[in-house]
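Values in this document were obtained by computation on a predicted structure and should not be read as measured data. Here, residue 1 is the first one in the sequence, and each next residue gets the next number.
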Amino acid sequence: MKRNQFLYACMLLILGFLLASNYTFTNATSRDSSQENPSNWEEEFQYKQELIEMEETNKQLRTELNELRHDVRSMEEELGTEADLIKDLANTKNKLQKLTGDFPIYGEGLTITLRDAAYIPAEHHANQYIVHDRHIHQVINELFSAGAKALAINGQRIYRNSYISCVGPVISVDGNPYPAPFEITAIGDQRILNTSLEIQDGVIDRLVQDNIEVTVEKQSRIEMEVKDM
């Protein structure tokens with residue numbers, strides 16, 4: 001009996017020791033946890049703050065990137081507009097230089113030849129049967145009005161401010177004399193130019209009435225060189 005009580009007491013002692021040890025370990029663990037948790041919370045808070053700051057920075061960078069893209073598109077559009085404008089100006093300059101004789105020009109067109117009358121009645125004055133500067137002016141003005149891109153008289157290019165006059169039996173073009181026949185070449189739309197000349201009661205009819213012999217030929221290619229400086 002006493003032996004059983006002794007064994008029972010030993011068991012209780014051992015159990016108490018185990019309970020005490022477990023309590024001590026639990027308290028120690030709790031203390032360690034209580035000491036570690038603040039540190040973990042601070043680290044987590046810091047990470048969250050850094051993440052928020054990174055998101056704000058990314059948001060700002062995305063905004064700046066969108067603004068830069070918008071600026072690039074605007075610059076591209078502006079450069080495209082300027083390129084088109086420069087191209088248009090270059091084409092206009094090219095056309096004007098061709099018209100003013102700074103560039104050679106070629107294309108389809110007409111050749112209009114004016115000749116003095118082959119037959120002059122004895123009772124009439126010869127002056128009524130020869131080509132005068134007014135006749136050439138009529139043809140040139142009509143051709144320019146019909147859209148001729150370039151004109152020449154006997155191979156010499158003429159312009160809207162060219163001076164054409166009679167000097168005795170010849171025609172002077174910007175100071176250069178030319179005898180009859182007078183060959184006027186015009187670069188432009190053949191159909192329009194020809195229709196403009198041959199319209200009823202138009203230039204050709206008036207020339208014929210003035211006893212001028214007129215021939216009109218269509219040319220598939222006419223070349224005019226740069227004017228002499």
Per the ring pair (Phe, Tyr, Trp, His ring centres under 6.0 Å) rule, what does the pair list look like for residues 134-157, sequence neighbours excluded? His132-His135

Counting only pairs under 3.5 Å, give me each side-chain donor-acceptor contact of residues 167-176, with atom names and distances, residues two or more places apart or in other chains.
residue, atom, partner, partner atom, Å
Ser172, OG, Gly175, N, 3.4
Asp174, OD1, Tyr163, N, 2.7
Asp174, OD2, Ser162, OG, 3.1
Asn176, ND2, Gln156, OE1, 2.9

Hits for side chain to side chain donor-acceptor pair (under 3.5 Å) against Glu183, two or more places apart or cross-chain, chain-then-number order -> none

Results of ring pair (Phe, Tyr, Trp, His ring centres under 6.0 Å) for Tyr129 - residues two or more places apart only: His124

Could you go through Glu217 and Thr113, starting from their C-alpha distance and side-chain angles, then the distance that decides it, and tell me whether this counts as side chain to side chain contact (heavy atoms under 4.5 Å, CB included)? CA-CA 9 Å; Glu217 296 180 10; Thr113 304; 5.8 Å; no

To the nearest 0.5 Å, what is the distance between CG (Asn194) and CG (Leu143)? 10.0 Å

Do Val214 and Leu114 come within less than 4.5 Å of each other through their side chains, counting heavy atoms only? yes

Output for pair (Leu110 CG, Leu151 CG), nearest 0.5 Å, gives 10.0 Å

Interatomic spacing from OG in Ser165 to CG in Asp133 - rounded to 0.5 Å: 6.5 Å

Cluster link Val216 to Phe182, ILVMFWY, side chain under 4.5 Å: yes

Under the salt bridge (charged side-chain N to carboxylate O under 4.0 Å, His left out) test, residues paired with Glu223 that sit two or more places apart: Arg221

For the residue pair Asp116 and Glu213, what are the closest heavy atoms and their distance? O-CD, 3.9 Å

Can you list the steps and then say if Ile164 with Ile140 is a side chain to side chain contact (heavy atoms under 4.5 Å, CB included)? CA-CA 10 Å; Ile164 303 171; Ile140 290 174; 3.3 Å; yes

Is there a continuous path of hydrophobic side-chain contacts, each under 4.5 Å between heavy atoms, that joins Val139 to Ile158? yes

Indicate, with yes or no, if Ile212 and Ile204 share a hydrophobic cluster defined by side-chain heavy-atom contacts under 4.5 Å among Ile, Leu, Val, Met, Phe, Trp and Tyr. yes

Hey, mind stepping through Val203 and Leu207 against side chain to side chain contact (heavy atoms under 4.5 Å, CB included) and telling me if it holds? CA-CA 6 Å; Val203 173; Leu207 291 173; 3.9 Å; yes

Could you give the distance from CD (Glu108) to NZ (Lys149), rounded to the nearest 0.5 Å? 8.5 Å

Show the atom names and distances, to 0.1 Å, of all donor-acceptor pairs under 3.5 Å that link a side chain in residues 184-193 to residues at least two apart or in another chain.
residue, atom, partner, partner atom, Å
Asp189, OD1, Arg191, N, 3.0
Asp189, OD1, Ile192, N, 3.1
Gln190, NE2, Gly109, O, 3.3
Gln190, NE2, Gln219, O, 2.6

